[in-house]
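In what follows, chains carry the letters A, B, and so on, assigned in the order in which the sequence lines appear, proteins first and then strands, with residues in each chain numbered from 1.
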Amino acid sequence: MIDRTEGTAAVRADGLDVRRGGKPVLRGLRLEIPAGRVCALVGPNGGGKTTFLETAAGLLRPDRGTVRLLGEDPGSDAGRTRLAFVGQDKPLYPRLTVAETLRMGRDLNPGWRPDLAARMLDERISERARVGSLSGGQRTRVALALALGKAADVLLLDEPLADLDPLSRHHVTSVLMSDAAERGTSIVMSSHVLAELEGMADEVLLLDHGRVRMSGPADEATADHRLLTGPAAEDAAPDLPGVVETRTRGRQTTLLVRGDGTVPGGPWQSEEPSLETLLMSYLRSPEAPAWIARPLDDTAPTATHQEAAA
Amino acid sequence: MSAQSLAPSTDSAKSASVASRSGLLRTVVRRQRSLFLVAGLVLLAVVAWAAADRAALFKARSQSDACPPVSPACDVTLSHLMDAETAVQYFQYALMLLPLLIGAFVGAPLIAQELERGTHRLMLTQSVSRARWLTAQLALPAAVVTTTAVGCSLAAAWVRSAARQTTVQNVWGRWETPVYSTFGIVPVASALLALAVGVLVGVLVRRTLPAMGITLVACAGLSAFFYWIRPHLLPVRTWVGHGGFQLKGEVWMLQDGVVRKDGSWLPYDQCPAPGTCRTGTVFEQYHEASQFWPMQGIETALLLACAAAATAATYAVLRRRAC
């Protein structure tokens, strides 16, 4: 079978404007998340994570611009069958049992895979229990089971780990990771706690004030920056291009600098920042230009054009 | 876009819609199973009430036949008969309220509850389009409401026939509002309109409780409107002549009075003083018996047209509005 996802982004947003209650939430969002990757969608509350995921899931209509999932309109029949979405509040019908909820998934999705859904559950979640009687974490597992059983190509998960205990979190992440590995599923999952996603995400997308602040492979992001530490003396800070943030604490100054190139000598020590340090620096420095590993070229053909050319 | 590249997705979309048509129905049935239960209970209660009213009427009649209330000792049989009549009228009033209750308790929560709980997001990200999801969500309650309303209409006719056999009251005429509104096809269409209005209000308000309240008010307003417009649905017949009431059959008397010397019409209830309305020529304005079913038909068509408009608006709102 030909992999139709090849060469097509899992999610591509182009000039995406989305308003909510009259207020702009996404402002001209342009980004591309490659297919087959696990993308950590991070950013402060109100930064646009949920709105972005709901727009990508076809639940919100863009006011301007487009969003495409594997080249498809997420609101179309073709797009809808290829995506699975779990909302932040993990909505389920409280009066249905777990078994009935999964049967609903089977009834509503032609490609339903009960084996995939079953991976999310464990013996502590009774099939006959009503969803309304489950704990928050168990409900999340059922919601994720419903999404996974759909056997979609793109999983859009809004804060999937937020109300899970550490053990469940481990289980859920490993199920998601193995799905990504086995079926090549593209996963976009949001969190405002980066630590939740660090280590499992190979792609990072930082949204703040409805704009992209960072987008690209997580390892490239850290490799493309340097954390410089040196004396706090006023004139000591080196005049470098691409300084994202300068912080002085006590007698020590820390600089986050873009680029892996020149390192000033003398007292300055250089190291690769952790992903969390990097994201925090970008969030604290709204003036710093966004870091985008693969800038979208205005003249680049869109996914559908590429398909047509192929 | 080339046909070749499009083909797989079109195929999968097609198989999706085929695969999930019965699945969608199963899901909606599972979701709305309490509706079946409640509808069944309501029908059962209505039939039981109707049977009780009929039994009371026949019993009071036979008592009254055995002991005619012309003698003071038998006054009690008359009061039994009147009690049985009053019970039938309560039954009719209850059936008149049914559309309001359907609108508020079935229609308003139907989608509003999904919007309030966010479960529509769950449904709209399954492999089913918004329009088909909404169609399935609406079709099932519409079928249940139709069945219930037909059952209630038949029960009302059943009770009315007993009332006509046992009492001499003229409140059981087909044109009497409590009869007209619960008889024939109009109550079925009223119930469907209430359902459609409730759903639309729910989609607009997006919260269950306020939607229920607004639906009650809206449905009451619509009933008042149809009550007001009813006499104008068909041309009013007029009779002018000498003597008193001469109309034959079941007519709906709208207005009667005298024709004064100057040719103007004065309804009886506007006579300035006793004696001034005594003149040879009277007029009567009415709907005749043969207009009953055409009028029910026209009113039903109007009610269903409004229901269709409300449903179309529901689709439009849900298609356009954010989720």
Side-chain angles (χ1 to χ4, degrees), chain A residues 1-2 4 18-21 51 54-55 57-61 63 70-72 74-97 100-101 103-112 143 146-147 150 152 156 158 303-310, chain B residues 1-35 37 109-110 113-133 136-137 206 316-323:
Chain A
M1 192 173 151
I2 301 157
R4 301 202 322 121
V18 180
R19 301 170 79 86
R20 270 195 136 158
T51 302
E54 290 184 353
T55 310
L59 291 172
L60 295 176
R61 302 284 151 91
D63 293 292
L70 301 168
E72 312 270 16
S76 70
D77 283 349
R80 208 179 302 105
T81 43
R82 299 189 73 184
L83 71 90
F85 170 78
V86 175
Q88 195 166 12
D89 43 0
K90 322 291 181 308
L92 290 170
Y93 294 111
R95 304 254 289 278
L96 296 187
T97 65
E100 285 170 335
T101 303
R103 222 173 295 147
M104 177 179 85
R106 185 196 67 196
D107 284 343
L108 296 180
N109 298 291
W112 181 254
L146 200 56
K150 194 177 173 186
L156 303 167
D158 198 358
T304 42
H305 290 140
Q306 278 171 0
E307 275 189 357
Chain B
M1 198 182 281
S2 77
Q4 202 181 358
S5 71
L6 197 63
S9 78
T10 322
D11 276 358
S12 68
K14 202 175 286 170
S15 72
S17 62
V18 170
S20 51
R21 180 153 300 158
S22 58
L24 181 59
L25 198 65
R26 274 199 298 279
T27 302
V28 174
V29 168
R30 210 175 287 137
R31 270 274 296 132
Q32 300 181 350
R33 60 194 157 192
S34 55
L35 181 65
L37 189 73
L110 196 70
Q113 202 172 48
E114 301 252 8
L115 296 172
E116 198 171 49
R117 286 186 185 156
T119 43
H120 64 295
R121 297 206 188 107
L122 182 70
M123 297 307 292
L124 297 179
T125 48
Q126 307 301 313
S127 310
V128 174
S129 75
R130 277 179 197 220
R132 288 192 43 227
W133 170 71
Q137 285 271 91
R206 299 170 78 92
V317 170
L318 217 62
R319 192 176 313 123
R320 269 218 327 262
R321 257 182 103 152
C323 290

Interatomic distance, [X] atom [atom1] to [Y] atom [atom2] [nearest 0.5 angstrom]:
X	Y	atom1	atom2	value
B:Arg26	A:Glu100	CZ	CD	12.5 Å
B:Ser127	A:Lys150	OG	NZ	4.0 Å
A:Met104	B:Leu24	CE	CG	11.0 Å
B:Ser22	A:Asp107	OG	CG	7.0 Å

Which atoms of B:Glu114 approach chain A - backbone, side chain, both or neither, heavy atom under 4.5 Å
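For B:Glu114, side-chain heavy atoms alone lie under 4.5 Å from chain A.
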Shortest non-hydrogen separation from [X] to [Y] and the atoms involved:
X	Y	result
A:Pro91	B:Arg117	CB-O, 3.8 Å
B:Leu122	A:Leu146	CD1-CD2, 3.5 Å
A:Gly58	B:Arg130	O-NH2, 3.4 Å

Given 3.5 Å as the limit, does a donor-acceptor pair link the side chain of A:Asn109 with the main chain of B:Gln126, or not?
no
Got B:Thr125 and A:Leu156 here, is their nearest side-chain heavy-atom distance under 4.5 Å?
no
Report yes if the side chains of A:Thr101 and B:Arg30 come closer than 4.5 Å at any heavy-atom pair, otherwise no.
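Result no, sub-4.5 Å side-chain heavy-atom pair not found.
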Full working for side-chain contact (heavy atoms from CB on, under 4.5 Å) between B:Arg121 and A:Glu54
CA-CA 9 Å; B:Arg121 297 206 188 107; A:Glu54 290 184 353; 3.6 Å; yes
Quick check on the interface: out of A:Ser76, A:Pro94, A:Gly79, who has the most heavy-atom pairs with chain B under 4.5 Å?
A:Pro94
